[in-house]
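Quick notes on the structure that follows.
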Amino acid sequence: MSRADVIAYLGPEGTFTHQVANILFPHHHSMPFSNIPDTIQAITSNEEISYAVVPIENGIEGTVHVTMDWLIHHVHVPIQGEFIFPIHHALLVHPSYSNLPLTSFTKVLSHPQALAQCRHFIRDHLSHAEMVYTESTAHAAMQIGQQPEEAWLAIGTADAARLNQLSVYKQGIEDYENNHTRFMVIGDRPVNWHATNQNEKLSMLLTLPADYPGALALILALFSRKNLNLCYIQSRPTKTGLGNYFFWIDCELPADATDWIQVITEIKDLQCDVRILGAYPSRIYDQLMKSGDGHLIMKPIS
Ligand SMILES: O=C(O)C(=O)Cc1ccccc1
């Protein structure tokens, strides 16, 4: 199998990331990894893997810190694309317990992001149950499927219910209706998403010079001067000491944007360290279209 054939995703089968990998790469083989660091690391450690798909940000719970930190500190492989996907959580149960009231369940298992996105539901209906964090939602589904003697619940996808012979106790338990997660595609080669302009977003990591009052404000003004729209900014610890941060910044790149290279030069002139994390296309699930063979494909941008 050649390097370009396999997509790494946060597994096991039936995770949200698996759904995204199938939509983005319908003709590729995919391979599950048991946690986010292993999924990202697979790009450098496993020759078969050409891209890794991982969640990075959610509209309710915010940044997936482990993804961001792994890309900052451990694997220097560029971002090649982003995909925004709607997230609807289902409450999953072993079929023998599907008629029990919620008060009978002693544990609710899921990925920390999923539990956090359903916090209101859990507070209102499952405050008596112990919350158990798992590496992924499908991992939680698998665990309750393997322990039929326990009255436990999992939060995850309806796919995970089917794959683990579970029932859906309740659908759509996320706290807010408009729940989307941003997934990143990491790899060494650009993706081919039928775009006329491949680079629509730019991600970078900045380290501000020490003792330079107003450095961040000056940098943000440089983007503004070139009319580059910032869409995300997040500070993350450098892990070298309290108070030391990297700034992860995303900006939009309009079709005619050539100014960004100049902005980077100007940022560096302020004694700032800049690492480009990727210049890449961004796609939204709701704007996909069906191809001739029934697969969802990326619409060409106009
Ligand atoms: O655990 C999963 O299914 C994942 O793909 C991670 C995740 C968890 C919750 C929302 C979006 C992605």
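Order of listing sets the numbers, starting from 1, for every ligand and every atom in it.
Not a single donor-acceptor pair under 3.5 Å links the side chain of Thr181 to the backbone N or O of Phe85. For the pair Tyr97 (side chain) and Pro148 (backbone), a donor-acceptor distance under 3.5 Å is present.
For atom 9 (C) of ligand 1, the nearest non-hydrogen atom from the set Gln113, Glu135, Glu61 belongs to Gln113.
In terms of N/O distances under 3.5 Å, ligand 1 is approached by Thr137. In terms of polar-atom proximity, defined here as any N/O pair under 3.5 Å, Phe16 does make such a contact with ligand 1.
Contact of the Tyr285 side chain with the Ile84 side chain is not registered, since no non-hydrogen atoms from C-beta on lie closer than 4.5 Å.
Scanning the protein for heavy atoms near atom 11 (C) of ligand 1, the closest one is Thr181 OG1, 3.6 Å. Nearest protein neighbour of atom 4 (C) of ligand 1, counting heavy atoms only, is Thr17 OG1, 3.5 Å. In terms of protein heavy atoms, atom 8 (C) of ligand 1 is closest to His111 ND1, 4.0 Å. Scanning the protein heavy atoms around atom 10 (C) of ligand 1, the nearest turns out to be Gln117 NE2, 3.7 Å.
Between His28 and Phe25, the two ring planes are perpendicular [angle over 60°; tilted spans 30° to 60°].
Using a 3.5 Å distance cut-off with no hydrogens or angles, the side chains of Thr63 and His65 do not pair a donor with an acceptor. Using a 3.5 Å distance cut-off with no hydrogens or angles, the side chains of His111 and Glu135 do not pair a donor with an acceptor.
Set against the non-hydrogen atoms of Leu10, the atoms of ligand 1 under 4.0 Å away are 4 (C), 6 (C). Below 4.0 Å from some heavy atom of Ser136 lie the following atoms of ligand 1, by number and element: 1 (O).
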Which donor-acceptor pairs under 3.5 Å do the side chains of residues 156-167 make with protein atoms, sequence neighbours left out?
| unit_1 | atom_1 | unit_2 | atom_2 | d |
| --- | --- | --- | --- | --- |
| Thr157 | OG1 | Gly14 | O | 2.5 |
| Thr157 | OG1 | Asp159 | N | 3.4 |
| Thr157 | OG1 | Ala160 | N | 2.9 |
| Asp159 | OD1 | Arg162 | NH2 | 3.4 |
| Asp159 | OD2 | Gln19 | NE2 | 3.0 |
| Asn164 | ND2 | Ala160 | O | 2.8 |

